[in-house]
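Below is one structure, written out as structure tokens, with a few remarks after it.
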Protein chains: 2
Amino acid sequence: MPPHPTPPRPTDAELEILSVLWRLGPSTVREVHDVLSKERPIQYTTTLKLMQIMAEKGLLERDESARSHVYSVRQPRERTQTQLAGHLLDRAFGGSARNLLLGALSAKKASREELAELRKLLDEFETGRKS
Amino acid sequence: MPPHPTPPRPTDAELEILSVLWRLGPSTVREVHDVLSKERPIQYTTTLKLMQIMAEKGLLERDESARSHVYSVRQPRERTQTQLAGHLLDRAFGGSARNLLLGALSAKKASREELAELRKLLDEFETGRKS
DNA sequence: TTGACAATACGAAATACTTCGTAGTAATCT
DNA sequence: AGATTACTACGAAGTATTTCGTATTGTCAA
């Protein structure tokens with residue numbers, strides 16, 4: 001199977017793996033599993049199988065040169081996040097970024113510092129530094 | 001099966017139905033289906049089954065008093081949106097609302113008006129009107 | 001009242017997702 | 001070498017999701 005040009009949106013379980021890899025960088029199944037298994041009950045072969053499937057789907061890249069294969073994400077974190085945010089924006093928020101932000105802030109109150117960060121982000125978009 | 005106290009997070013197909021109901025308000029399967037079938041190919045009984053399942057899950061409420069049952073959403077739109085945004089915020093953004101907003105704006109450039117709306121929303125949270 | 005139409009109920013196939021056990025194989029230890 | 005350990009490969013079960021066909025039932029007009 002040829003690798004996806006742009007990989008599919010990760011499922012929930014796959015997102016867990018990605019999150020760990022975003023933190024650790026390129027890692028073996030063992031390393032990912034050790035982190036994951038501290039968060040919830042899961043067998044080693046389950047983590048393995050997930051990562052194998054993710055490699056097939058083009059979500060991960062696999063380096064087989066060592067005895068323990070090393071997996072790395074195939075898209076930078078930002079790209080995956082944009083994909084996910086864009087999807088939710090479309091499907092659940094009718095494209096309204098305002099309502100998405102409202103939802104996020106309602107779900108988890110932001111600190112004063114975080115509000116300042118958000119404001120700064122808007123500044124960057126207004127001055128065209130990010131548009 | 002007793003109705004869910006708080007219904008589960010809707011799936012993608014279920015979200016389509018919800019989106020239509022958010023626009024139309026309480027509706028029959030026929031009314032929802034007519035909208036949906038303009039967006040993509042789908043059979044009437046598929047729409048019907050989906051809505052029946054959603055009622056079972058507690059996502060929709062069903063009024064059977066008329067020949068054609070009338071379905072309505074069981075949670076206000078805002079609540080479902082908060083649930084979805086919160087979930088994504090957790091799973092994909094490590095809780096960073098800033099990165100979620102960045103993802104959203106990267107996916108779909110906001111107009112100057114929308115940026116102003118976003119700013120206003122932050123104002124409301126800062127002055128405590130929404131905290 | 002019967003035929004045509006429109007709605008619901010239901011079973012079930014097709015697909016996708018998640019999980020894990022078993023088997024095989026390579027590395028390491030005694 | 002033989003035993004032990006650690007890894008990958010793979011099949012497959014269990015569950016959830018999505019889709020649709022068939023059967024049944026209610027409504028209404030002729």
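Order of the sequence lines sets the chain letters (A, B, ...), proteins ahead of strands, with each chain counted from 1.
- Distance, B:Glu64 CD to D:dG26 C1': 14 Å, rounded to whole Å.
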Could you pull out every donor-acceptor pair under 3.5 Å between side chains of residues 97-109 of chain B and any protein atom, sequence neighbours left out?
unit_1   : atom_1 : unit_2   : atom_2 : d
B:Ser106 : OG     : B:Leu102 : O      : 2.7
B:Lys108 : NZ     : A:Gly95  : O      : 3.1
B:Lys108 : NZ     : B:Glu114 : OE1    : 3.4

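- An OP1 or OP2 oxygen of D:dT8 is reached within less than 4.0 angstrom by a side-chain nitrogen or oxygen of A:Tyr44.
- Between A:Ser37 and A:Asp34, the shortest heavy-atom contact is OG-O, 3.3 Å.
- The two residues B:Ala13 and B:Leu50 have their closest heavy-atom pair at CB-CD1, 4.1 Å.
- Applying the ring pair (Phe, Tyr, Trp, His ring centres under 6.0 Å) test to pairs two or more places apart or on separate chains, none has a residue in residues 62-109 of chain A.
- Using a 4.0 Å heavy-atom distance criterion, A:Ser68 is classed as a sugar-phosphate-only contact.
- Of all non-hydrogen atoms in B:Arg91 and A:Glu16, the two that sit nearest each other are NH2-CG, 3.7 Å.
- Across A:Arg74 and A:Leu60, no two heavy atoms sit closer than the pair CD-O, 3.9 Å.
- Taking only side-chain atoms of B:Gln43, from C-beta outward, the nucleotide of C:dC20, D:dC20, C:dT8 with the closest atom is D:dC20.
- Of all nucleotides listed (C:dA9, C:dA7, D:dT19), D:dT19 comes nearest to the side chain of B:Arg40.
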Does the protein touch nucleotides 10-17 of chain C at the base, only the backbone, or not at all? Give it as B, S and - per nucleotide, heavy atoms under 4.0 Å. BBB----S
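- For B:Arg30 and C:dA7, the shortest distance from a side-chain N or O to OP1 or OP2 is below 4.0 Å.
- Here the C1' atom of nucleotide D:dT15 and the CD1 atom of B:Ile53 are 14 Å apart, to the nearest Å.
- Per the geometry, CD belonging to B:Glu56 stands 14 Å off C1' belonging to D:dT17, to the nearest Å.
- Residues of residues 81-88 of chain A having a heavy atom closer than 4.0 Å to DNA chain C: none are found.
- The distance between atom CG of B:Asp63 and atom C1' of C:dA7, rounded to the nearest whole Å, is 15 Å.
- Closest approach of A:Glu14 to A:Arg9, counting heavy atoms only: OE1-O, 4.4 Å.
- For the pair B:Met51 CE and C:dT8 C1', the computed distance is 13 Å after rounding to whole Å.
- Of the residues near DNA chain C, B:Thr28 and A:Leu50, the one whose nearest nucleotide (by heavy atom distance) lies more toward the 5' end is B:Thr28.
- Remark: of the listed residues B:Thr45, B:Thr47, B:Ile53, B:Ile53 is the sole one forming a side-chain contact (heavy atoms from CB on, under 4.5 Å) with B:Lys49.
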Just the atom pairs and distances: protein N or O near nucleotides 25-27 of chain C's N or O, under 3.5 Å.
unit_1 : atom_1 : unit_2  : atom_2 : d
C:dA26 : N3     : A:Arg67 : NH2    : 3.4

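- With contacts defined as side-chain heavy-atom distances shorter than 4.5 Å, the pair B:Phe125/A:Leu118 does not qualify.
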Could you pull out all donor-acceptor pairs under 3.5 Å where a side-chain atom in residues 24-31 of chain B meets a protein atom, sequence neighbours excluded?
unit_1  : atom_1 : unit_2  : atom_2 : d
B:Ser27 : OG     : B:Gly25 : O      : 2.5
B:Thr28 : OG1    : B:Glu31 : N      : 3.2
B:Thr28 : OG1    : B:Glu31 : OE1    : 3.4
B:Glu31 : OE1    : B:Thr28 : N      : 2.9

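- Contact record, B:Thr6 with B:Gln75: OG1-NE2, 4.0 Å, taken as the closest heavy-atom pair.
- Between B:Leu36 atom CG and D:dT18 atom C1' the separation is 13 Å, expressed in whole Å.
- Using a 4.5 Å heavy-atom cutoff, the side chains of B:Gln83 and B:Pro10 are in contact.
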